[in-house]
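Taking it in order: structure first as structure tokens, then the write-up.
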Amino acid sequence: MDINKRKIAKGVTLLGVKADHFKTNEIAISLALPLEKSTASVNALVINLLSRRNHEFASMEQLNKKLAYLYGASLSAAVSKQGECQVLKIGITCLDDRFSLDGSSISFECLKLLTSLVFYPRLDDNGNFYEEDIKSEQRILIEKIESENNEKRTYVLRQAESLMFKDEPYGINKYGTIEDVKKITSADVLHAWHNMLDTAKIMISVVGNVDFEETASYLVSMFRTVIRHYTPLKDAVFVTSRGDVKEKMERLDVKQGKLVIGFRVNMKPDDKLTPAMRTFCDVFGGGPYSKLFANVREKMSLCYYCSARYTKLKSYIMIQCGCNEENMDKAVREILNQLEEIKNGNFDEEFNSSKIGLRDAVLSVNDTPELIENWYSNQLTVKSIKSPEESAQENDAVTKEQVMHCATLLKLDTIYKLSAPKEDEE
Amino acid sequence: MKEIKSAVLGEKYYEIDHKSGLKIYVLPKENYSSTYAIFGTKYGSIDTRFKRSDSDQWTVVPEGIAHFLEHKLFESEDLDAFARYAKTGASANAYTSFDKTCYLFQCSDNFKDSLEILLDFVTHPYFTKETVEKEQGIIGQEITMYYDVAGWMSTFNLLKCLYHNHPVRIDIAGTTDSIAQITDKLLYDCYNTFYNLHNMCLAVVGNAQPEDVLAVCDKMLETAPELEIERSFEDEPRDIVKDYEEYHLAMNMPVFSFGYKETCEKPVQDLKTVVETNILLEILAGDTSDLYINLFDRGLINTNFSKEYFIGFGYEAVMFDGESENPQAVADAIKEAVANLKSNGITDEQFESARRSLYGREIMEYNDIDSVANAFVGAHFNGYSIFETIDIYKNVKKSDIEKRLANMMKEKYSALSVVKGK
């Protein structure tokens with residue numbers, strides 16, 4: 001697949017992946033800002049607010065009717081963390097022009113719609129966002145935070161993250177807090193919107209059968225309307241160790257316990273060995289061939305699920321388990337024991353499986369426009385962008401010795417447990 | 001080998017009646033690097049009472065046995081299926097639903113080797129008393145995990161409100177009590193009945209050609225004896241069990257499921273009626289509907305609101321799921337919107353907007369090799385061809401939808417299930 005990159009304005013890049021064999025096109029605008037407690041909630045609110053209406057389609061009903069007319073194009077807004085950046089994204093999935101019943105261009109219409117949502121929101125005569133629109137978004141964002149808390153697997157992971165990164169920006173929830181959402185004012189929203197357009201690192205990604213030149217010149221004209229004050233984003237705070245292991249048991253009325261274990265990883269995001277660290281994490285707790293799945297779950301039946309995840313941009317690995325309270329300490333011991341096994345080089349089969357498994361998974365990204373779009377927008381905050389093929393090549397070059405070395409770079413940091421109240425405490 | 005084309009979609013697939021008795025579908029995708037294969041049996045959690053064509057006896061089995069069997073098939077005397085896939089690089093999985101059990105993998109390389117593994121482990125069961133006992137513990141934990149998942153509990157509690165006897169009211173994995181009754185003998189009885197190749201199908205979509213698939217099938221599959229399976233359920237009354245249920249979890253934001261039990265005049269609904277009902281639900285509760293906008297503006301729903309036409313063998317319902325501070329007010333608004341639509345009729349604009357939107361989404365499905373492969377299995381077990389759907393969207397009339405509306409969503413057959421904090 002051909003990949004085109006073009007600078008649209010200072011800190012604004014258009015990335016096009018040309019493919020004409022899909023039924024749909026993906027267009028997304030991703031904006032990265034520093035993750036800060038004072039702005040996390042209002043930024044999260046703004047991107048959702050922009051996705052709901054604009055100056056032309058003043059109500060959600062009008063906007064949704066437009067999307068239905070565009071053959072059920074789907075519009076979505078999302079907030080994520082990339083290292084210690086907060087990434088706001090608004091994207092649209094639309095049918096390719098060749099399926100249009102009346103010959104009109106669906107994708108260019110969608111590009112125009114998407115940019116107009118970001119550049120021309122619905123403002124009152126004084127240039128402010130409407131109070132009623134902000135109130136509605138506050139409710140939705142609070143419900144989103146509560147909805148995440150409803151899901152205990154996500155909830156316990158968030159709790160573990162905020163304990164482990166208590167004194168670092170990474171500990172801030174991507175949506176901020178319910179209290180901060182409640183405090184948002186109209187002036188905050190206006191400021192956040194301007195700040196986002198003026199200062200964020202921005203990528204517009206277009207995947208499918210969309211004319212790159214036409215898109216680029218349209219975007220250049222749009223970005224001429226803002227004065228950019230872009231300064232490059234800072235790297236995440238790099239912490240390799242933080243003293244004693246932090247342990248916490250939280251008691252909630254749940255039927256099944258959960259256990260989360262956090263490790264610091266002594267490897268910076270731009271280290272040449274990060275592909276080996278990815279392989280290490282996969283051997284440790286990735287696919288069904290991994291050490292944790294095969295031993296902690298299958299052989300010893302200590303957990304119903306047990307998996308590891310490496311976050312390169314913040315240099316840590318998190319293990320998540322569904323685990324009954326009586327098994328938790330045993331599970332922790334066994335997980336550490338499996339780490340030793342890797343340090344000692346006992347992972348030949350897992351290594352081979354991981355190498356072909358990761359390669360297969362990375363290459364399959366190319367078969368879904370949505371995954372391709374995510375692949376690139378997930379690299380918004382890194383300096384050099386890699387394609388799935390390049391990533392597969394890096395994976396192929398990883399050696400067993402490198403993986404053994406990676407295993408020695410982990411340092412246990414946090415153990416977070418969630419379980420039901422003890423009977424005598426009820 | 002039949003070749004079936006769709007000019008609208010720009011796709012074609014091959015349909016093969018394999019000599020073993022298995023139905024095979026292959027849809028090659030140009031320029032795709034990966035392939036998705038799914039091997040399914042028409043056997044799900046609701047199949048707890050059945051009769052084989054070579055027997056006079058009805059067999060009754062414990063709830064949750066189809067799902068249990070799915071777990072057990074991954075094991076064999078030596079290497080389990082996951083360990084075998086680990087050598088080809090495919091990512092593999094399986095699932096059990098109310099009416100089918102499917103085994104699948106996706107890969108970019110070594111397709112034929114992975115297909116061999118799939119066909120081999122599904123056609124070679126191996127269970128002993130000991131392995132069955134071990135699995136009872138693991139599945140017990142899986143069942144318990146869902147007791148903490150609000151959306152899951154909300155849906156099943158609604159089904160328990162709507163259905164007296166039909167096994168759709170029971171959790172797909174069964175209960176810890178029901179799975180305790182499962183034995184290796186019962187597993188073999190179910191296996192030998194439902195995993196007969198005449199009751200199964202294979203669908204392959206992506207970077208593969210029919211010749212590749214056939215070569216592996218010829219090598220791996222033995223001819224299955226002819227067999228027909230009769231299903232039976234206890235009579236299900238038209239009325240519902242109760243109209244409200246509440247369940248408590250450690251949480252703040254209440255989750256709800258509201259639904260209507262529909263008449264089930266024939267065990268399997270025809271495709272045209274399914275498409276019409278989906279358009280109807282889009283008109284009633286899609287994101288351009290008065291109902292959706294009204295609920296959203298009143299702060300009663302958020303973006304997690306959804307609607308579903310929920311059908312399968314012997315059951316049919318319409319369900320609305322979401323999160324709300326006031327689920328009862330949402331249920332009341334839905335009932336009111338149904339009444340309004342029935343009395344005011346459907347406008348041309350409403351109809352066209354819903355049809356156009358669903359037509360586009362149907363085409364979009366063909367992007368994803370997994371969606372297409374799963375659609376083949378669903379279509380095969382319900383007796384239609386996947387390309388028929390798009391034609392129905394093109395030809396459906398507003399009057400068809402109005403006729404459908406007149407007979408559906410009757411208030412006295414509706415119920416609300418709520419999951420909230422204590």
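In what follows, chains are A, B, ... by sequence order, proteins preceding strands, each numbered from 1. This structure is a prediction, so every number in the text was calculated from the model and none was measured.
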Check: So how far is it from Ser104(A) OG to Glu109(A) CD, rounded to the nearest 0.5 Å?
Finding: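 So the OG of Ser104(A) and the CD of Glu109(A) are separated by 7.0 Å.
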
Check: What distance separates Arg298(B) CZ from Asn326(B) CG, expressed to the nearest 0.5 Å?
Finding: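 Answer for the CZ-CG pair, Arg298(B) versus Asn326(B), is 8.5 Å.
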
Next item on the list: Just give me the residue among Ile369(B), Asp297(B), Ile301(B), Asp290(B) that pairs up with chain A most often, heavy atom to heavy atom, under 4.5 Å.
Entry: Ile301(B)

Next item on the list: Find the one option among Asp287(B), Asp368(B), Asn252(B), Asn304(B) whose heavy-atom pairs under 4.5 Å with chain A are most numerous.
Entry: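 It is Asp287(B).
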
Margin query: For Ser289(B), which atoms come within 4.5 Å of any heavy atom of chain A: side chain, backbone, both, or neither?
Written below: neither

Which of [options] touches chain B most, by non-hydrogen pairs under 4.5 Å:
options: Leu363(A), Val254(A), Ile140(A); answer: Val254(A)
options: Glu146(A), Lys135(A), Lys152(A), Lys23(A); answer: Lys23(A)
options: Phe22(A), Tyr69(A), Tyr305(A); answer: Tyr69(A)

Next item on the list: Check each atom of Ser100(A) against the heavy atoms of chain B and say whether the ones under 4.5 Å are side chain, backbone, both or neither.
Entry: neither

Margin query: Taking side chain as everything from C-beta outward and backbone as N, CA, C, O, which of these in Glu370(A) sits under 4.5 Å from a heavy atom of chain B? Side chain, backbone, both or neither.
Written below: neither

Check: Within 45° of the six-membered ring axis of Tyr393(B) and under 6.0 Å from that ring's centre, is NZ or CZ of Arg355(B) located there?
Finding: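 Here Arg355(B) fails the 6.0 Å and 45° test against Tyr393(B).
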
Check: Taking the six-membered ring of Phe57(A), is the NZ or CZ of Arg122(A) close enough (under 6.0 Å from the centre) and on axis enough (within 45°)?
Finding: no

Margin query: Whether Glu75(B) and Lys72(B) form a salt bridge (side-chain N of Lys/Arg under 4.0 Å from carboxylate O of Asp/Glu) is what I want to check.
Written below: yes

